[in-house]
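In this text the structure is predicted, and so the values were computed from the model without any measurement.
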Amino acid sequence: MFRSIHQTLTVDRQMPMDMRHWRERLLSTILAVVLVLGSVAAVPSAILAFHQGHPSVAVMDVLALAWVAFVWRRRTLDYRLRAWSLLGLMYMVGLWLMLTVGPVSQIYLLAFPAMAALLLGMRPALLALVVSALTLLVLGWLVDARFPTPGFDDQPLVKWTVVTVNFAFVGAMITLSCAALLAGLDRSLTRHRQIADSLSLANQELHLTSAAAARINDLVMITLREPDSPAGSRIVFANEAFLRRTGHAREQVLGQPHALLYGPDTAAEDRQRIDQAVRAGEPIRIELVVHDRAGGAFWLEQDITPILDEQGEARHAAWVARDIGQRKKAEALIWQQAHYDSLTGLPNRQLLRQRLEQALAASAADGHVVALMFIDLDHFKEVNDTLGHDLGDLLLTEAARRIRQCVGDSDTVARLGGDEFTVVIPRVCDMERVDHVARQIIDLLVQPFRLRGERAYVSASIGITQAPQDGTDIEALLKQADQALYAAKDAGRRRFCHFTAEMEAAARLHMRVATDLRTALGDGQLSVHYQPIVTLATGEVHKAEALLRWRHPVLGPVGPAVFIPIAESSGQIDEIGDWAFRQAAGQVLRWRSLFHADFQVSVNKSPLQFRDSDAPRLDWADHLHAIGLPGNALSVEITEGLLLDSSDELSRQLQSLRDAGMALSLDDFGTGYSSLSYLQHFPIDFLKIDQAFVRDLKPGSTAMVLCRAIVAMAHDLGMTVIAEGVETAEQCALLASVGCDHGQGYLFAKPMPADEFERFLRATL
C-alpha cells in the first residue's frame, strides 16, 4: 500500500502525461490515504462512539473502510464508477454524520464537491456542490441542529439558509478553484503532450535524416549562420561521406567555420561568392576547388540551401556537395583534345583562333601590330614517304620544339595539321623582330633531324601577314598568310614573304581559274600543242611532246603551270589527262601514216593519275589497241617525285604500261629528291635532263660536268637521254659532244597546234 502511494506521488516518465491518467493516479492515492488514515482513526472513533452510546458510528466507519478497500482493490473497474463510488461514500458518510453527530460533520459535505472537482471535473463538481448545499439546507431546517447563530435562533429556515449560503460560498470557492486549477493543468498537460509528440516526431525525423545523410555518397554538412561573426557560420553537422573525403574527424569539424575547406587553390572569387551568400542567407550553386586535411585539392559541386525556421529566418544552411574530380578531369581532357594537337602538344586551329581573337581585340585597344606567320615544311612529304610516318611524326615533334625556341612566352605557336605550323606574335613594336623570328625559324629547321639513327633534311617556307595593316578579319588574315606562304614557295622555298595586295589579286585569279576550268574542256577551250624532240646526231624529228594549252575566253592564254595544279587539286586531272591522251593518240596515228612509221609522242601523266580512285578512267593500253596503234607509239612522261612512292600499286601500273609496249620517260631529272636510288628499281626508257642544267651549259662549267655524268650514267643503264630547254646552238653542240641523244627547246621550235606541227614536219623532210 505504501509503495502504491509512493509510486503514485512519484512521476512516472514512461506513462503518458494526460489528465485522465493523472486523475486515475490521484484516485488511487486518495483511496490509499483514506484506508491508511481511516484505519488509524477508526479505533479511537469506535471506542469513543461506544462510550457515548453511538455504536452505529463505529459500524459506519467499518463499512466505509470496507467499501474504500473494495474500490481500491478493484482497479479494473471503470474509472468513473470508482470515482462516483468514493464520492457517494463521502456524501453518505457526511449525511449520516450530520444526522447522528450534528452540524460539525458538514465538513464531509464540503469535501464531496471538492473531491468531485479533483476526480471528475467542473460539471460533476457543481452538481455535487448543489447536492451538498441542498442537503445541508434541508437537514438543518428539518432537524434544526443546534449551534449558536446570533440573531436567527427563532428563525430556523433563515438560519440554515445563511449557513447554507456561507457553506455554498466556501464550497464554491474551493470547488471552482480546484476545477480551474485542474482545467489549467489539463490544458498544460495537453500542450505538454503535443510538444512531446512534436519533439518525438522531430527527433524521429532528425534521426532518420541524420541516418540517411550519413549514408549517402554526397558530402553533407549543416552550418549555423552567424552574420556578426567573422567566420559567417560554423559547422554543426557533417555526414560520413564528408569526413571520409576530407580526412577530418568529426570533432575536428564541428564548431569550425565553413571556410575549413578553403585552401591555396580555392579561387578568391569563389570564396567571396560563398561568403556573401552565407551571410545573406541566400541559396547558391557553385563549382570550386577545396582542400582535404592533408592539403590535397579536389573539385566539388556545392549546393548551399538556407533552412528556414518557424519565424522564416534562415539560421541554418544545408551544404550538399558532389566530388566532380573525375568529371573535371574528363572535361580537361576533352578541352585539351579540342584545343591542342595530340602529336606536338601545340595549340590547334580552334585555340589559335581564340588567341588570335584576343590579340586582335588588344590591338584594337592599344594600337599594337599583330603578326601572323604560316610555316610549311619543304620536302616533308618525301621524308614521310621515305622513312615512314613514325619518323615523320618525330620530325614534326622536333620541328615544333625548334619553332617554340624562336618565339617569346606571350607568342603562340600552333599546328594546323600535317606539316603546317602557325605563329601569332600579339604585340609587335618593330617588324624587324618578326623578320628576325622568321629567319631564326628557317635557320633552325634547315638543320639535320636525327630520327632513331636516321638523318633527315627539310627546310621551311613562311608567309607573314599583319593586322591591322592587312586587315582585322581572322579568315582574311589566315588566307593572306597562306597566300604569302605559297609566294615564298614559288620564290624557291626556304624563305619568307610578306603578304602584298598583288598576292590577293593572284589569289582571286586562282579562284577564277579553278572555277572556269570546270567548263573549259566542255567548251573547247583546251587544246594540245606539240613540241618536236630532235635527234641531235641527224637533226631528224621522229618524236614530239604533247603539251596542254588553255585559251581562256576573257583572260587569254593560261599557262599549264597555273591550271595543271588546279586540275590536280580539284580532281579534274583524270578527265583532262585522258582527253589529252586520246588527242595525242589520234595525232600519232595520223603522223605515222603521213611521216614516219615509228613516230612517237610523249604524254605527261600526273602523279595523281596513278593514285587509287573510284573515278572512271581511260585504260590507255586498251584505247591504243582499239584504234590500232602499238604501244610504242606513245611514251608516258612521269616526274621523279612519283618514284618516291614505292608502293606495289605504282610498280604494278608502271609495269602494265611497259607490258603494253609504252615507253617510260623520267622528266626533269636531277631536281628531285634522291633520284639515283630509284633508277635501278623502275623500268625507265628515257631520261630528260632538266633545263636548269642546260641553261648554264658552257665549256668547263659545272653544268657541263653534270650533263656528261648524267648521259654516261643513263647510257650505262640502257636509257636514252633527252635534254630539255635547248635554246642556243652552243648548248646543242655541247650536248651532242657529251653524247646526248635528243634535244628539245626553242632552238628547234616552240610548242604548236597539231596542224602547224604537221607543216613543221613537212618542212623538215
> With side chains defined as the heavy atoms from C-beta onward, is the minimum distance between R493 and H379 less than 4.5 Å?
Replying inline: yes

> Quick one: side-chain hydrogen bond (donor to acceptor under 3.5 Å, both in side chains) partners of R652, sequence neighbours excluded?
Replying inline: E649

> Can you name the residues that form a salt bridge (Lys or Arg N to Asp or Glu O under 4.0 Å) with D685, not counting sequence neighbours?
Replying inline: R658

> Going by the ring-ring contact (aromatic ring centres under 6.0 Å, His included) test, which pairs reach into residues 534-562, not counting sequence neighbours?
Replying inline: H542-H596, W550-H552, W550-F563

>> If the condition is ring pair (Phe, Tyr, Trp, His ring centres under 6.0 Å), which residues does F581 pass it with, not counting sequence neighbours?
In response: W620

>> The criterion is salt bridge (Lys or Arg N to Asp or Glu O under 4.0 Å); which residues satisfy it with R518, sequence neighbours excluded?
In response: none

>> Contact between P753 and Y530 at the side-chain level, heavy atoms closer than 4.5 Å - yes or no?
In response: no

> When you look at S606 and E568, which way does the side chain to side chain donor-acceptor pair (under 3.5 Å) test go after all the steps?
Replying inline: CA-CA 8 Å; S606 167; E568 291 177 333; 2.5 Å; yes

>> If you apply the rule side chain to side chain donor-acceptor pair (under 3.5 Å), what do you find for S461 with D376, and how did you get there?
In response: CA-CA 5 Å; S461 299; D376 185 80; 6.0 Å; no

> What pairs with S459 under side-chain hydrogen bond (donor to acceptor under 3.5 Å, both in side chains), at least two apart in sequence or on another chain?
Replying inline: D378

>> Quick check on side-chain contact (heavy atoms from CB on, under 4.5 Å): which of L485, V423, I442 does I375 satisfy it with?
In response: V423

>> Is it the case that the side chains of S570 and Q572 hold a donor-acceptor pair, with the cut-off being a distance below 3.5 Å and no angle test?
In response: yes

>> What I want to check is whether the side chains of T465 and D470 have a donor and an acceptor closer together than 3.5 Å.
In response: yes

> Can you list every side chain to side chain donor-acceptor pair (under 3.5 Å) pair that touches residues 554-565, not counting sequence neighbours?
Replying inline: none

>> Checking K698 now: which residues fulfil salt bridge (Lys or Arg N to Asp or Glu O under 4.0 Å) with it, not counting sequence neighbours?
In response: none

>> What I want to check is whether the side chains of E540 and T535 have a donor and an acceptor closer together than 3.5 Å.
In response: no

> Under the side-chain hydrogen bond (donor to acceptor under 3.5 Å, both in side chains) test, which residues partner E475, sequence neighbours left out?
Replying inline: R353

>> For a quick test of reading the model, state the closest non-hydrogen atom pair linking L747 to T728 and the distance between them.
In response: CD2-O, 3.3 Å

> Which is it for D443 and R439 under the salt bridge (charged side-chain N to carboxylate O under 4.0 Å, His left out) test, yes or no, and what are the steps along the way?
Replying inline: CA-CA 6 Å; D443 291 343; R439 293 189 194 96; over 6 Å; no

> What residues, two or more places apart in sequence or in another chain, satisfy ring pair (Phe, Tyr, Trp, His ring centres under 6.0 Å) together with Y486?
Replying inline: none

> So do the side chains of R512 and T515 get within less than 4.5 Å of each other, counting heavy atoms only?
Replying inline: no

>> Go through it in stages, so that I can follow the logic: the residues are H623 and D578, the test is side chain to side chain donor-acceptor pair (under 3.5 Å), and I'd like the CA-CA distance, side-chain angles, deciding distance and then a yes or no.
In response: CA-CA 10 Å; H623 181 73; D578 289 344; over 6 Å; no

>> Tell me the closest heavy-atom pair linking D690 and A692, and the distance in Å.
In response: OD2-N, 2.9 Å

> Under 4.0 Å between a Lys/Arg side-chain N and an Asp/Glu carboxylate O for E758 and R590?
Replying inline: yes

> What closest approach, in Å, do Y457 and P448 show between heavy atoms, and which atom pair accounts for it?
Replying inline: CE2-CG, 3.4 Å

> If you look at every heavy atom in A467 and L477, which pair is closest and at what distance?
Replying inline: CB-CD1, 3.9 Å

>> Take a 6.0 Å sphere around CZ of R494 and say whether it holds more than 12 heavy atoms from other residues, nucleotides or ligands.
In response: no

> Quick one: side-chain hydrogen bond (donor to acceptor under 3.5 Å, both in side chains) partners of D741, sequence neighbours excluded?
Replying inline: H715

> Taking only residues two or more places apart in sequence or in another chain, which ones pass salt bridge (Lys or Arg N to Asp or Glu O under 4.0 Å) with K688?
Replying inline: E545, E637, E724

> Where does the angle between the aromatic ring planes of F757 and F599 fall among parallel (under 30°), tilted (30 to 60°) and perpendicular (over 60°)?
Replying inline: perpendicular

>> Is the terminal nitrogen or CZ of K543 (NZ for Lys, CZ for Arg) located under 6.0 angstrom from the six-membered ring centre of F686 and within 45° of that ring's axis?
In response: yes

> So, T344 versus D341: side-chain donor-acceptor pair below 3.5 Å or not?
Replying inline: yes

